[in-house]
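Here the structure comes first, spelled out in C-alpha cells, and everything after it is commentary.
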Amino acid sequence: DTGVSQDPRHKITKRGQNVTFRCDPISEHNRLYWYRQTLGQGPEFLTYFQNEAQLEKSRLLSDRFSAERPKGSFSTLEIQRTEQGDSAMYLCASGGDPYNEQFFGPGTRLTVL
Amino acid sequence: AQTVTQSQPEMSVQEAETVTLSCTYDTSESDYYLFWYKQPPSRQMILVIRQEAYKQQNATENRFSVNFQKAAKSFSLKISDSQLGDAAMYFCASGNYGGSQGNLIFGKGTKLSVKP
C-alpha cells in the first residue's frame, strides 16, 4: 500500500445524473476525510469518518451528497442530481493521528455539463 | 470559526535563491496545529512542514523552515536554495486538537514559480 487512491480520476457527467466516487485510504489509518477543491481555491472540508462512523459533515454537504465508509475501510461519496456547481476536484485524505499529517489522494475531477 | 489567509496569489523566485510565502490565520482555539502543503501541477498534495502551536521553536525540514509568530497569528514558509521541483501551489492550513475533528482549514494558496 503506497498511499491513498481514488477512483475514478476523472468523471464527466450530465446535469441531473448521479455519480459515485471511491477512496481507498492507507490501510492502517482510521480517519478519512473528504474535501472539495474548486479552481483557484484551497480544499474545503466536506465530511469526516473515524473508522465507519461519520462524525462530522460540513454545511457544504447538501442533501444531495452522501458518504459512507462501510467496515471502516474504503469510502464512497455519492452526489445525486448533479448540478454544474458541483464541478470540482474531490479530494480524499486519510490519517492515523488527528494531530499529524493527512495523506491526500490524487483526487477525482468532476465535470458536470 | 477558523480562517486562513494567503495574501500572495503568485510568487516567483530564481533558482538557488530564497523565497518566503506568507500566511495568517485566525482561531479561537488555544491548541491547534499548522501545516504547509505543496500541490504540484496535476499531482497530489503532499506535506511540506508541520508546526504545533504550543511549540515555540520554529519547525524546519531541510530547505524548508517556518517563521511562526503566535501572537501575530502568522505562519510563513521560507524555502532556501530554491529548486525547479519546488514549483507548485503551496497551501497553508490549520487544524484543531481534540474533539472528533482534525479536519483542516486551507488558505487559497500561493502559486510559486521557479526561474532557471
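Order of the sequence lines sets the chain letters (A, B, ...), proteins ahead of strands, with each chain counted from 1.
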Under 4.5 Å between side-chain heavy atoms, hopping through other hydrophobics if needed: is there a path connecting [X] to [Y]?
X: A:Leu91; Y: A:Phe21; answer: no
X: A:Leu46; Y: B:Phe91; answer: no
X: A:Met89; Y: A:Tyr33; answer: yes
X: A:Tyr90; Y: A:Val19; answer: yes

Item checked: Region of B:Gln6 in contact with chain A, defined by heavy-atom distances below 4.5 Å ->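 Contact with chain A: none, neither part.
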Next item on the list: Against chain A, label B:Ile105 side chain, backbone, both or neither, depending on which of its atoms sit under 4.5 Å from a heavy atom there.
Entry: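 Answer is neither: B:Ile105 stays 4.5 Å or more from chain A.
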Around atom [atom1] of [X], are there more than 12 heavy atoms from other residues, nucleotides or ligands closer than 6.0 Å?
X: B:Leu84; atom1: CG; value: yes
X: B:Lys73; atom1: NZ; value: yes
X: B:Lys115; atom1: NZ; value: no
X: A:Arg64; atom1: CZ; value: yes
X: A:Ile12; atom1: CD1; value: no
X: A:Glu68; atom1: CD; value: no
X: B:Arg43; atom1: CZ; value: no

Checklist line | Among the listed options A:Ala53, A:Gly40, A:Gly42, the residue most often paired with chain B at heavy-atom distances under 4.5 Å | finding: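 Highest number of heavy-atom pairs under 4.5 Å: A:Gly42.
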Measure the [atom1]-[atom2] distance between [X] and [Y] for me, rounded to the nearest 0.5 Å.
X: B:Arg50; Y: A:Gln102; atom1: CZ; atom2: CD; value: 11.0 Å
X: A:Glu101; Y: B:Phe35; atom1: CD; atom2: CZ; value: 7.5 Å
X: A:Phe104; Y: B:Leu47; atom1: CZ; atom2: CG; value: 9.5 Å
X: A:Tyr35; Y: B:Met45; atom1: OH; atom2: CE; value: 9.5 Å

Margin query: Under 3.5 Å, is there a donor on one side chain and an acceptor on the other for A:Gln6 and B:Gln44?
Written below: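 Short answer, no.
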Next item on the list: Write out, in numerical order, the residues from residues 105-113 of chain A with a heavy atom short of 4.5 Å from a heavy atom in chain B.
Entry: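 Heavy-atom contacts from residues 105-113 of chain A to chain B are A:Gly105, A:Pro106.
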Checklist line | Residue A:Gln37 versus chain B: region with a heavy atom under 4.5 Å | finding: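 Only the side chain of A:Gln37 comes within 4.5 Å of chain B.
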Notebook entry, point to check: For the residue pair B:Leu104 and A:Phe45, what are the closest heavy atoms and their distance?
Noted result: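 Smallest heavy-atom distance, with atoms named: O-CB, 4.3 Å.
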